[in-house]
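See below for the structure under consideration.
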There are 2 protein chains.
Amino acid sequence: MALGSLDRSDDRAPYRQIADQLRTAIDRGDLAAGDKLPSEAELMRHYDVARMTARQAIQELRAEGRVVAEQGRGVFVRLPAPVRRLASDRFARRHRDAGQAAFLAEAEKAGVTPGVDEIHVGRGPAPDLVRERLKLDEAADVVIRSRRYLAEGQPVETAVSYIPVDLAEGTPIAEQDTGPGGIYARLEESGHMLDRFTEEITARMPTADERRRLKLGPGTPVLTVLRTAYDTDGRAVEVCDTVKAAPAYVLEYDFPAR
Amino acid sequence: MALGSLDRSDDRAPYRQIADQLRTAIDRGDLAAGDKLPSEAELMRHYDVARMTARQAIQELRAEGRVVAEQGRGVFVRLPAPVRRLASDRFARRHRDAGQAAFLAEAEKAGVTPGVDEIHVGRGPAPDLVRERLKLDEAADVVIRSRRYLAEGQPVETAVSYIPVDLAEGTPIAEQDTGPGGIYARLEESGHMLDRFTEEITARMPTADERRRLKLGPGTPVLTVLRTAYDTDGRAVEVCDTVKAAPAYVLEYDFPAR
DNA sequence: TAGTGGTCTAGACCACTGT
DNA sequence: CAGTGGTCTAGACCACTAC
């Protein structure tokens, strides 16, 4: 691990120069995934700077999500997250017919042990974003199902589903356990055959709460997917708001050139 | 703007408590978009802490992308970026027939003044990711077109297209100006009618280079879209690698339940 | 010129990790 | 125990902004 030296005549701040050199070392592969970076003390000696300067350089890389600090151990080049590809056919009826909800089917395909926890089922008013998409009036309540998905025990996604009460009440959708095939299978059983979905994708930094629930390190963005399900009558029957740890996902879509 | 006080018995670090209080003030609307946060000096007086502690609190919010610091002026609650929705029909043939490339058609629809700059056209080997998708052997060159898109003068997206040389050479695709309707119109003119696209979406923190080209503040993630275009023979005729400033986009996809 | 954030120094004590 | 990062203090000089 050969570090360069500071150029005091360079107008770039020393901490940026140090960050650049570390970044380059990572990009070149001098520092591979999982490797330990020089400690703060080593950087102080090597570059002859104060501790805060060395720390600031490392802080840059942390904010970029390239390295992770572990107290008492050191700072390490971040390991590439196990990536799960989500194809847009993941809600295909054949999976429901096989008795599997989308997340479980997808995880199994990827050879990952799936899990679900923090399941909460309730009833209440829908957020504005949801109300617009479900075309409900302000007064109408919805059944709200929230849960957290795990892959290999690690949280990777939170999801909140909103279903109009007239579609959910009296069915397992309003229960803790929705049964085989999940919400979509129950909707189809009650005569609402699904026709199509729309998904709206954004990316942003997580809120403090999301950081906690998804156990995200600093410098880790989230992908949000807001999915609306329509039945064959063209009625919006569910809105699902998901927040995914971005490094864990690739979303795939296929569409015609028309 | 009423700030609380520190709880020294709280095991959360003072800088976290201060960050929490500021975050809450923003969420509650006490600090609206564009408002100035208390200065470092004010935070030092109010909470009776050292400057670095006040700075660290603000640093938290910056990394979350919630506030932006402007030297000499102060720290401000970030303004919501003007969002552009990208529907998956943005490559519909009707737009090409109308003589417009996708970005321009989309921008006009959104009432935004579009721009393109930093156009570079060249020829060289394809990156691995691209070669796999174009099904080329290692030796085969591609035509490489890179450019940067602007909305209202602000850079919002960079794009690099890769086209197999046998499809591009001798056509305007290998020239600086591809002509009306862009690359896709030229491909169709030469007999490669487009059939479908696949898009692979990820989100991550930008590289230093991307931060510069897209003028991104800290705490701003990017959305990447890797699009592959197929002609009616099922041949991959183009791969386009785009990097978008995440706050500026919502991607929309529509797909059947099958 | 006063106020702001940007950067740096030189210390200090703490909690956690591994030996 | 020594080594690591986490946090804090109390200063300093600088560049930029607004008045």
Side-chain angles (χ1 to χ4, degrees), chain A residues 1 5-22 31 34-78 208 211 217-219, chain B residues 1 5-22 31 34-78 208 211 217-219:
Chain A
M1 174 68 236
S5 55
L6 282 191
D7 177 359
R8 292 287 179 178
S9 69
D10 193 329
D11 51 355
R12 276 151 59 248
Y15 85 89
R16 284 188 195 279
Q17 296 185 42
I18 298 174
D20 281 351
Q21 295 191 13
L22 291 171
L31 287 167
D35 282 2
K36 187 173 166 306
L37 265 61
S39 72
E40 295 173 357
E42 284 169 334
L43 291 176
M44 288 167 68
R45 278 196 299 276
H46 183 95
Y47 291 106
D48 191 25
V49 292
R51 183 166 174 218
M52 285 306 296
T53 308
R55 267 184 84 72
Q56 215 168 346
I58 290 174
Q59 168 59 30
E60 282 253 310
L61 303 182
R62 296 217 294 159
E64 291 168 12
R66 296 169 147 268
V67 302
V68 211
E70 295 180 38
Q71 193 172 107
R73 301 217 318 128
V75 178
F76 301 84
V77 180
R78 179 168 282 181
R211 269 214 313 279
Chain B
M1 173 69 236
S5 55
L6 282 190
D7 177 359
R8 292 287 179 178
S9 70
D10 193 330
D11 51 356
R12 278 151 58 247
Y15 85 89
R16 282 188 196 279
Q17 296 185 42
I18 298 174
D20 281 351
Q21 296 191 13
L22 292 171
L31 288 168
D35 282 2
K36 187 174 166 305
L37 265 62
S39 73
E40 295 173 357
E42 284 168 335
L43 291 175
M44 288 166 68
R45 279 196 299 275
H46 182 95
Y47 291 106
D48 190 26
V49 292
R51 183 169 173 216
M52 285 306 295
T53 307
R55 267 185 83 72
Q56 215 169 347
I58 290 174
Q59 168 59 31
E60 283 254 311
L61 303 183
R62 297 216 296 159
E64 291 168 12
R66 297 169 146 268
V67 301
V68 221
E70 295 181 37
Q71 191 171 101
R73 302 216 319 127
V75 178
F76 301 85
V77 180
R78 178 169 283 180
R211 268 213 315 278

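Convention: sequence-line order gives letters A, B, ...; per-chain numbering from 1.
Counting to the nearest Å, the C1' atom of D:dT9 and the CD atom of B:Q56 are 12 Å from each other. In this structure, B:F76 places its CZ atom 11 Å from C1' of D:dA18, rounding to the nearest Å. Distance A:I18 CD1 to C:dT9 P: 9 Å, rounded to the nearest Å. Between the P atom of D:dG6 and the CE atom of A:M52 lies a distance of 11 Å, rounded to the nearest Å. To the nearest angstrom, C1' of D:dG3 lies 15 Å from CD of A:E70. To the nearest angstrom, C1' of D:dT7 lies 12 Å from CZ of A:R62. Atoms CE (A:M44) and P (C:dA12) sit 12 Å apart, rounded to a whole Å. Summarising the geometry, the separation between CG on A:L43 and C1' on C:dC8 is reported as 16 Å, rounded to the nearest angstrom.
The residue among B:G72 and A:A50 whose nearest nucleotide of DNA chain C lies closer to the 5′ end is B:G72. Comparing A:Q71 and B:L37 against DNA chain C, the residue whose closest nucleotide sits nearer the 5' end is B:L37.
Remark: A:I58 CD1 to A:L22 CG distance equals 7.0 Å, nearest 0.5 Å.
In this model, the phosphate group of D:dG3 is not approached by any side-chain N or O of A:S39 to a distance below 4.0 Å at OP1 or OP2. Residue B:R16 places at least one side-chain N or O closer than 4.0 Å to OP1 or OP2 of D:dT7. The phosphate of D:dT9 (OP1 or OP2) has a side-chain N or O of B:T53 nearer than 4.0 angstrom.
Within 4.0 Å of B:R12, counting heavy atoms only, lies no atom of the nucleic acid at all.
Proximity of B:R211 to A:E64: side-chain heavy atoms (C-beta onward) are separated by under 4.5 Å at one or more points. Using a 4.5 Å cut-off on side-chain heavy atoms (C-beta onward), B:R78 and B:V67 make no contact.
Considering only side-chain atoms of B:P14, the nucleotide from D:dC8, C:dT9, D:dT9 that sits closest is D:dC8. Side chain of A:A41, nearest nucleotide from D:dT4, C:dT4, D:dT7: D:dT4. Distances were taken from every side-chain heavy atom of A:R73 (C-beta onward) to each of D:dT7, C:dG18, C:dT7; the shortest belongs to C:dG18.
The base of D:dG6 lies close enough to the side chain of A:R51 for a donor and an acceptor atom to sit less than 3.5 Å apart. With hydrogens and angles left out, the side chain of A:R55 and the base of D:dT7 share no donor-acceptor pair within 3.5 Å.
With hydrogens and angles ignored, the 3.5 Å screen pairs a side-chain donor or acceptor of A:E42 with a backbone N or O of A:S39. Put simply, the side chain of A:Q17 gets close to the backbone of A:R12: a donor and an acceptor are under 3.5 Å apart.
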